[in-house]
Amino acid sequence: MQDYHAYLEEVLITEEELQNRVHELGVEISQDYTGKRILAICILRGGGMFLTDLIRHIEPLVAVDFMGVSSYGVGSRRSDGEVRIKLDLSTSIVDQHVLIVEDIIDSGHTLASVIEMLRTRNPASLEVCTLLNKFSRREVDVPIKYCGFNIPDKFVFGYGLDMDEYYRNLPFIGVVDLEKYEADV
Ligand code: IMP
Ligand code: MG
């Protein structure tokens, strides 16, 4: 495993484009939740960077909590539909306006399971905000209220998204050259 330059096929979304869009989403969310309190639930680990940037642009009261889920392990690039909860919320969501903050929706399995589980806990409302959406890969339907970018069916890294746990720190979204990467690791 090397420095990211070795595996970067192209920059798909620049840092500036990301920051502008995240700001827009924050403004839209602020308008929709005027007069309400938001409980933003970040899906770890990929959603971390998006959440911390997004809430800077949210004006209504907003609390945050974290949920750790994993749909596939190191070395695998697709979710098998079997979602594991690695870390549960530390607060109750009963009667809360819950906003799930996710990095990317691919097959939809991860979020569909999370939504199903959270619904049973009786929140006042439950919406999804995802930074990226790979619609062409969808296997189960997921209701998305806020979406940053629709992207093609390519494996991406950066801005919270990892390649086998690394490269989350890149400030942009890049397409991974999988051939080069797989040959190397
Ligand atoms: P899904 O269950 O197939 O929708 O997968 C969603 C999860 O897979 C996301 O939360 C990401 O952690 C991961 N994922 C899907 N596509 C990518 C990608 O292109 N790069 C990095 N992680 C990805
Ligand atoms: Mg991941």
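Counting starts at 1 for both ligands and their atoms, following the listed order.
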message = Under 4.0 Å from a heavy atom of Lys154: which atoms of ligand 1 are those, numbered in the order shown and with their elements?
response = 19 (O)
query = Between Thr130 and Asn133, is there a donor-acceptor pair closer than 3.5 Å when you use the side chain of the first and the backbone of the second?
reply = no
ask   = Which atoms from ligand 1 have a heavy atom of Thr110 less than 4.0 Å away?
value = 1 (P), 2 (O), 5 (O), 6 (C)
inquiry  = In this structure, does ligand 1 have an atom that sits under 4.0 Å from one of the heavy atoms of Gly46?
reply    = no
ask   = Is the closest heavy atom of Phe155 to ligand 1 under 4.0 Å?
value = yes
Residue-ligand contact Lys134/ligand 1, heavy atom below 4.0 Å = yes
ask   = Hey, do the aromatic rings of Tyr4 and Phe172 have their centres closer than 6.0 Å?
value = yes
query = Can you check whether Gly108 has an N/O within less than 3.5 Å of an N/O in ligand 1?
reply = yes
key: Polar side-chain atom of Arg21 near backbone of Phe149 as donor-acceptor pair, under 3.5 Å   = no
task = Describe, in one word, how the ring planes of Tyr159 and Phe50 are oriented to each other, choosing from parallel (under 30°), tilted (30 to 60°) and perpendicular (over 60°).
result = tilted
message = Any donor-acceptor pair under 3.5 Å linking the side-chain atoms of Tyr7 with those of Asp184?
response = yes
request  = Could you tell me how the ring of His23 sits relative to the ring of His57: parallel (under 30°), tilted (30 to 60°) or perpendicular (over 60°)?
outcome  = parallel
remark   = Atoms of ligand 1 under 4.0 Å from any heavy atom of Asp162, numbered from 1 in the order shown, are 21 (C)
key: Ile104, portion touching ligand 1 at heavy-atom distance under 4.0 Å   = both
message = List ligand 1 atoms under 4.0 Å from Glu102, heavy atoms only on the residue side.
response = 10 (O)
task = Would you check if there is a donor-acceptor pair between the side chains of Asp153 and Ser136 at a distance under 3.5 Å?
result = no
ask   = Which one holds for Ile43 and ligand 1: side chain close, backbone close, both close, or neither close, with close meaning a heavy atom under 4.0 Å?
value = neither
